[in-house]
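The sequence lines fix the lettering, A, B, ..., with proteins before strands; numbering per chain opens at 1. These values consider heavy atoms only, across backbone and side chains, with no hydrogens, waters or symmetry-generated copies.
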4 protein chains.
Amino acid sequence: MSPQTLAEFAQAAERRLDPAVWAWLSGGAGNEHTLRANVQAWQRLPLWPRMLKPLVGGHTRIHLAGRELVHPILLAPVALQQLVHPDGEWASALAAAAQGAGFILSTQSSVALERVAEAVLADPGRGPLWFQLYWQADRGFNQALAQRAEAAGYEAIVLTVDAPVQGVRDRERQAGFALPAGVRVVHLQDAPATPHADGTYCAGIPAAAPTWDDVAWLQAHTQLPVWLKGVLHPLDARQARQLNVAGLIVSNHGGRTLDGAPATAAALPLVRAAVGDGLPLVVDGGIRRGTDVLKAIALGADAVAIGRPMLWALAAGGAQGVARLIRLLRDELEMALALTGCRTLADVNPGLLAPAAGPPGNAP
Amino acid sequence: MSPQTLAEFAQAAERRLDPAVWAWLSGGAGNEHTLRANVQAWQRLPLWPRMLKPLVGGHTRIHLAGRELVHPILLAPVALQQLVHPDGEWASALAAAAQGAGFILSTQSSVALERVAEAVLADPGRGPLWFQLYWQADRGFNQALAQRAEAAGYEAIVLTVDAPVQGVRDRERQAGFALPAGVRVVHLQDAPATPHADGTYCAGIPAAAPTWDDVAWLQAHTQLPVWLKGVLHPLDARQARQLNVAGLIVSNHGGRTLDGAPATAAALPLVRAAVGDGLPLVVDGGIRRGTDVLKAIALGADAVAIGRPMLWALAAGGAQGVARLIRLLRDELEMALALTGCRTLADVNPGLLAPAAGPPGNAP
Amino acid sequence: MSPQTLAEFAQAAERRLDPAVWAWLSGGAGNEHTLRANVQAWQRLPLWPRMLKPLVGGHTRIHLAGRELVHPILLAPVALQQLVHPDGEWASALAAAAQGAGFILSTQSSVALERVAEAVLADPGRGPLWFQLYWQADRGFNQALAQRAEAAGYEAIVLTVDAPVQGVRDRERQAGFALPAGVRVVHLQDAPATPHADGTYCAGIPAAAPTWDDVAWLQAHTQLPVWLKGVLHPLDARQARQLNVAGLIVSNHGGRTLDGAPATAAALPLVRAAVGDGLPLVVDGGIRRGTDVLKAIALGADAVAIGRPMLWALAAGGAQGVARLIRLLRDELEMALALTGCRTLADVNPGLLAPAAGPPGNAP
Amino acid sequence: MSPQTLAEFAQAAERRLDPAVWAWLSGGAGNEHTLRANVQAWQRLPLWPRMLKPLVGGHTRIHLAGRELVHPILLAPVALQQLVHPDGEWASALAAAAQGAGFILSTQSSVALERVAEAVLADPGRGPLWFQLYWQADRGFNQALAQRAEAAGYEAIVLTVDAPVQGVRDRERQAGFALPAGVRVVHLQDAPATPHADGTYCAGIPAAAPTWDDVAWLQAHTQLPVWLKGVLHPLDARQARQLNVAGLIVSNHGGRTLDGAPATAAALPLVRAAVGDGLPLVVDGGIRRGTDVLKAIALGADAVAIGRPMLWALAAGGAQGVARLIRLLRDELEMALALTGCRTLADVNPGLLAPAAGPPGNAP
């Protein structure tokens, strides 16, 4: 029976995957509080139904990064997708394009960025195509990688800022996860090694971790708009806005770096309040239902990104699985729109999460 | 052993029913948060006992829709009751009449409305008899159906407004639920098909979903009072009051449409505050004990309706089962009245849910 | 191995008792929310340790009803104690006297009140001996019963006011509980039958339920001080104070009447605030640890009563078991006193439940 | 597979230890609410990641008690460590010294304090070495013990103030825990017996429990700085400050004395607020992750101490196990620092636990 919900895709993937790969894919940092909180926070937000509003002409279109998209769902950058399917990122990207979803390729892709770009750019109905950058200690290497992405047709650089160290990933370690032969990070084979000092983390980390200065440097050394991915604290969001970044991906790395970090659903409204209205915000982490997408929009997001579910669908059915997953989530979003009395995403507002008090006798 | 609580009727029903039918009956939308919240919200409300008040002459009578009823329990409109018992809606309605309970017949009845009316109207002790309407794209069809109900003796039209689309019903789909041969929606066999456009939900929904204009149109084209069922947001309730509807059924469709919708116990006091005192309110969703009924009255309801429990009892014992269930719930309500020091439902007040602070030294 | 905690007495009792009797003893009303809440509410209250205070000369003595007691633990009135041990109330009363605990005999005793009194009064170290009264429809019968208790040496009448009807006791009914041959309520064999009317609860209840007028009548027709048992709402407590009752037992009948009633730990501070300082308050319901006793005192109780634990100990070890249980609870109370820096119960105060804010630099 | 987290050390220890010893080590007082709360309170505190800050030159150094330490982790005083490993306290102390961690030896050590001191003092990279004192009824015995510790090289006396009585330790009693032959408290063999009176706790306790006067007396009769261990209530902390103690260990004895005592994570910020900035605070209880250490610093602690985890590691791997455990926790702390944008512990602040509101447009 074909999966009909994101959760069913997860079940199908777990059945197919090696347990160690499943642990790598499913696990989070530490005791996985943030991993669980991401999912629960969306689900615990109440959503008020609204009635009897005219729904004719409804749609899910949004404007993002200067384009009109048919719906607000993007595929998040996830490393090494050949771990779950031989077609890897090529298949995910193809599915995204077919469904009009934006696609963000990870630096740690197992498929070359040019091959992915080729698959996406051939589809006239495609969404945005962005390249995610893990900052490397050698600035020049970053610039070269950004230029390579630009040359291939990528439309933005998404700099990940929430992972100066890898998190404490107990689940994948306990499962004995190791990279199988034949799967590798294709873009970092030539990256200069990060210098290490005395073996402590404090000594080793800073050599490779990006700083606000590096962001400004990157902006100055690429033609592409620069997004930051992994911003959670409202003060960091405000700082980013002052640098005129193209947008933010509000994220806690899917709960894989700092355990205890707040759920993205908790951080999102604070970030929106901190940056004001103009700056585009994408949010990821725990989006599993169309109602979650609607709640994200209500809390101030322009769009959402999904990570693990994409890999579930890729494992379960390759490109076709990913395409089906995007469509399922979009269908659920459309039903949620109708049930909350919204014709379009522009009608979605915070009042759907808590009933407006309004002056007595005064209906909107 | 004969069931003595609503929960025991559920167990009896589950033992008798096909698992797919049980899944159809028991399931809710999405992850079933609202389904669970409905039941829990009533139970989590504290109820303060009161002592030593005179209880002589106590009763459970209420006034609703211009009639005096012996108790405030109605049977909610539920589709296709022949799925659980061959007598279907006829048996439920007969039991309601025998116990003085109001009965609301669903548009999606598996028994013709005339046959149901005949069973009810023959009983002089019966409660109100109302017809629930699922709006159809063809206005004329709605008018014809309302006229047919009126001709048969129905006393009100209850327009359902919270289901412009069916919810995401994973449980019944996963159980492989399908309509068995011989059970069908008898009133919609001649309904014109809803026009579809491009296959997306947004394009398909609005053609059939009712609007505030349709409510006004319906009021103008039927002699019967029009109730709205499925109102949850206080602003929608206020809008409804401005249209002079006959009353509201505060409902989230038993958690079957929008998952994440607040429990009806949470919405009810906001709705009562929004519409003021005059408008009749019935509430459904998660009522499982006499104390739940009392809490609903304390929060501003005039009466309650029960859906799934009716089907449990119908499955377990046909008309006799449903009659017994109504009586059990009424007995529990009477005990709850006595234990909270209330002679009648008019004595029930919000102070039973939280202790009145009152000025020191000043007993009521 | 001899039980060392109240919970271990429960386990020992469950092993010995017929499952139906265990269900009768353990169950509560409805879904047993109040039953569980009683226990949890004490345990969830934080208790702050205090340090380095002088503890020499410490003790657990209190003054109650004009007497000095060696500790603040009473045995609550529980019906039909021969259900769990052939010695029944006689054994419980004997143990109470031996440990200096107050004893309250139920109207529904399975042992005659005179025989119980004889056992208690012979012990010079005994605590108070009170008689609990379930109001009977015939006022004269109540007076006669009170006089009989007075004649036997009982020192107070405890009128139960929270059970005008028996609660919905699903657990004991589902277990098929029935009175075994040879166990009976010895004091009500001659009570006139309560008149019934039309078979509904509302019609049947009021004939037997006491009212405030009955309280005043009872006070006027007995020499004994009259306590009320089962008061929970602060306004009822204030009303009782106006009648100059001797004291109140803050109780919800062990969660056996109105399910949803607040835990006694939640009601107690509201009752204390409502009646002010002078009126003696005993609290029961869910007391299972010495720290619970201390918390009750901190919230305004003068003493506590225990019900189910007494029956656990009676079932497990007869009079000796009950005596051991009282001593265990007292030992735990003494340890809790030492750990909270209290020399005596007079040092126990609400600040132990929440840290005093106090002006900076100002230690007490 | 070598343990990689504190939880894995616990599993390894449980596999090796006699169940009764495991119960002694793992259990807490009463129903173990405080035991559980200690662990949960740290984990439930959110921790906000911060981004893109310069991390070069980062470290975990702190100043405590006039010394610079390489990290803020101490080993708490735990009794009778030979119960879990033949090398007992000698091994724990050796490991502490090797990892630069402070070590606090219990009065109830199973290894003589001189032998422990010898192991520690030989290591130039060692942390502080303190002696924990359980107050004995005979003041002179306390003085002699303090002098013996001082002579051996201990640098402070840590007076435990939260255990005038042992707690109610059901788990170890139920498991039948008893001291095996060959393991004994070596320092108290000559202690005069505590005088007992009438067998009640209240009568027996005060003879041995220390008071504020005893603290002052001890300060006057030892050259060593005196810390108090077990302070939880802010008023007690303020009182201690007035006595010019050297520092406080905010502790509830690992949940082993007063069940219901607040988690140390809840008490710590109240204590810090009560004593102001100058007084050194160490906190223990439930620290299981590097993020917990960081949260403790953010709430006002100067350092943390770990108890049970030390014994897990000692049981699992002797001195090597303990050394590895300290290093693991330190590594996790360093990762947490990097992920919260802190170069050093001086950058850790309460704003990491809740987002700073800050004036609009004003980035820090």
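The part of C/D259 that comes within reach of chain B is its backbone (N, CA, C, O), which places non-hydrogen atoms under 4.5 angstrom from that chain. For C/D170, the part sitting under 4.5 Å from any heavy atom of chain B is the side chain, from C-beta outward, and nothing else. Heavy atoms of C/A267 lying under 4.5 Å from chain B belong to its backbone as well as its side chain. The contact between C/L270 and chain B is made entirely by side chain atoms (from C-beta outward), counting heavy-atom distances below 4.5 Å. For C/V275, no part sits under 4.5 Å from any heavy atom of chain B, backbone or side chain.
Judged by distance alone, with hydrogens and angles left aside, the side-chain atoms of B/E32 form a donor-acceptor pair with the main-chain N or O of B/G28 at under 3.5 Å.
Judged as a ring pair (Phe, Tyr, Trp, His ring centres under 6.0 Å), and not counting sequence neighbours, B/W42 has no contacts.
Side-chain contact check for B/D292 and B/Q43: no donor-acceptor pair (N or O, by modelled atom type) lies under 3.5 Å.
With salt bridges taken as basic N to acidic carboxylate O contacts below 4.0 Å, one links C/D236 and B/R50. C/R308 has no carboxylate O lying under 4.0 Å from a charged side-chain N of C/D284, or vice versa, which leaves the two without a salt bridge.
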